[in-house]
Amino acid sequence: MDDCLFCRIIAGEIPAAKVYEDEHAIAFRDIDPKAPVHVLVVPRSHVDSIADLPDTLAGPMLRAIQAVAAREGVAEGFRVVTNHGPEAGQSVFHLHFHLLGGRRMAWPPG
Ligand code: 5GP
Ligand code: ZN
């Protein structure tokens, strides 16, 4: 999708600090980090949000999250968040899992 920010990052048209990639997913650092580790794990193919995630990508996305957590040194404790829809705070409409770690997390989230 030409007008999708994350599709453009995946295509290499917009720079990002990439930390991981595989056949299905890529991961790059959030531009406005909310924790010492704040990585966005996104499917290579355009999916609007978790509400449209196909079965074929569900497992691979979770495996990618596990791999990024290990690579970032936070496998002992991390949080995964995905926002679906403006009500939940979604601002980029290409599915992304926020992987947050490196500090103590509060609960409940805001
Ligand atoms: P959402 O609000 O949709 O759950 O999350 C979107 C995330 O994308 C935000 O945390 C925001 O900081 C991040 N973001 C927005 N624009 C860019 C960008 O151009 N590059 C990177 N790396 N992250 C971005
Ligand atoms: Zn996209």
Side-chain angles (χ1 to χ4, degrees):
M1 285 180 70
D2 293 347
D3 58 348
C4 171
L5 174 63
F6 288 175
C7 281
R8 295 189 67 194
I9 287 176
I10 291 160
E13 295 168 15
I14 295 175
K18 215 182 280 182
V19 298
Y20 173 87
E21 59 186 319
D22 65 27
E23 182 189 348
H24 299 285
I26 81 161
F28 49 87
R29 298 198 189 285
D30 196 293
I31 205 166
D32 182 19
K34 300 294 189 270
V37 173
H38 187 173
V39 172
L40 302 174
V41 186
V42 315
R44 283 186 185 278
S45 54
H46 183 91
V47 175
D48 283 349
S49 80
I50 195 168
D52 293 323
L53 181 65
D55 286 356
T56 49
L57 277 181
M61 292 310 299
L62 296 179
R63 290 289 181 214
I65 289 166
Q66 291 174 331
V68 175
R71 195 170 285 193
E72 291 291 308
V74 295
E76 293 300 310
F78 61 89
R79 178 171 291 174
V80 177
V81 174
T82 191
N83 298 318
H84 164 61
E87 178 80 3
Q90 186 176 8
S91 62
V92 177
F93 291 85
H94 180 129
L95 172 64
H96 49 283
F97 294 93
H98 298 258
L99 171 62
L100 299 144
R103 67 165 168 81
R104 188 111 192 148
M105 298 287 161
W107 191 262

Check: Stepwise, does the side-chain contact (heavy atoms from CB on, under 4.5 Å) test hold for H94 with L5?
Finding: CA-CA 8 Å; H94 180 129; L5 174 63; over 6 Å; no
Note to self: If I take atom NE2 from residue H38 and atom CZ from residue R103, how far apart are they, to the nearest 0.5 angstrom?
What the structure shows: 9.5 Å
Next item on the list: Group every Ile, Leu, Val, Met, Phe, Trp and Tyr by side-chain heavy-atom contacts under 4.5 Å, then state whether V92 and I10 land in the same group.
Entry: yes
Checklist line | Minimum heavy-atom distance between V47 and P54, given as atom pair plus value | finding: CG2-CD, 4.2 Å
Check: Can we call the ring centroids of H96 and H98 under 6.0 Å apart?
Finding: yes
Next item on the list: Say whether I65 and L100 are linked into one hydrophobic cluster, either directly or through other cluster members, by side-chain heavy-atom distances under 4.5 angstrom.
Entry: no
Note to self: Between R44 (side chain only) and D22 (backbone N and O only), is there a donor and an acceptor less than 3.5 Å apart?
What the structure shows: yes
Item checked: Shortest non-hydrogen contact from H46 toward C7 -> ND1-SG, 3.5 Å
Notebook entry, point to check: Should L99 and L53 be counted in the same cluster of Ile, Leu, Val, Met, Phe, Trp and Tyr side chains packed under 4.5 Å apart?
Noted result: yes
Next item on the list: Group every Ile, Leu, Val, Met, Phe, Trp and Tyr by side-chain heavy-atom contacts under 4.5 Å, then state whether V37 and V81 land in the same group.
Entry: no
Note to self: Taking CD in E76 as the centre, count heavy atoms belonging to other residues, nucleotides or ligands within less than 6.0 Å. Is the count above 12?
What the structure shows: no
Notebook entry, point to check: side-chain contact (heavy atoms from CB on, under 4.5 Å) between L95 and D52: does it pass, once the steps are laid out?
Noted result: CA-CA 9 Å; L95 172 64; D52 293 323; over 6 Å; no
Note to self: So which atom in V74 and which in G102 form the shortest heavy-atom distance, rounded to 0.1 Å?
What the structure shows: CG1-N, 3.8 Å
Checklist line | Same cluster (ILVMFWY, side-chain, under 4.5 Å), V80 and V41 | finding: yes
Item checked: Backbone of D32 reached by a side-chain donor or acceptor of K34 within 3.5 Å -> yes
Checklist line | R63, CZ atom: more than 12 neighbouring heavy atoms under 6.0 Å | finding: no
Margin query: Minimum heavy-atom separation for Q90 and D48, please, with both atom names.
Written below: NE2-O, 3.0 Å
Checklist line | Spacing of Q66 atom CD and F78 atom CZ [to the nearest 0.5 Å] | finding: 7.0 Å
Note to self: E72 vs V19, test: side-chain contact (heavy atoms from CB on, under 4.5 Å). Steps then yes/no.
What the structure shows: CA-CA 8 Å; E72 291 291 308; V19 298; 3.7 Å; yes
Item checked: Heavy-atom closest contact (I50 atom, H84 atom, distance) -> CG2-CB, 4.1 Å
Checklist line | Closest contact, heavy atoms only, A16 versus I9 | finding: CB-CG2, 3.6 Å
Notebook entry, point to check: Taking it one step at a time, do I26 and F6 satisfy side-chain contact (heavy atoms from CB on, under 4.5 Å)?
Noted result: CA-CA 10 Å; I26 81 161; F6 288 175; over 6 Å; no
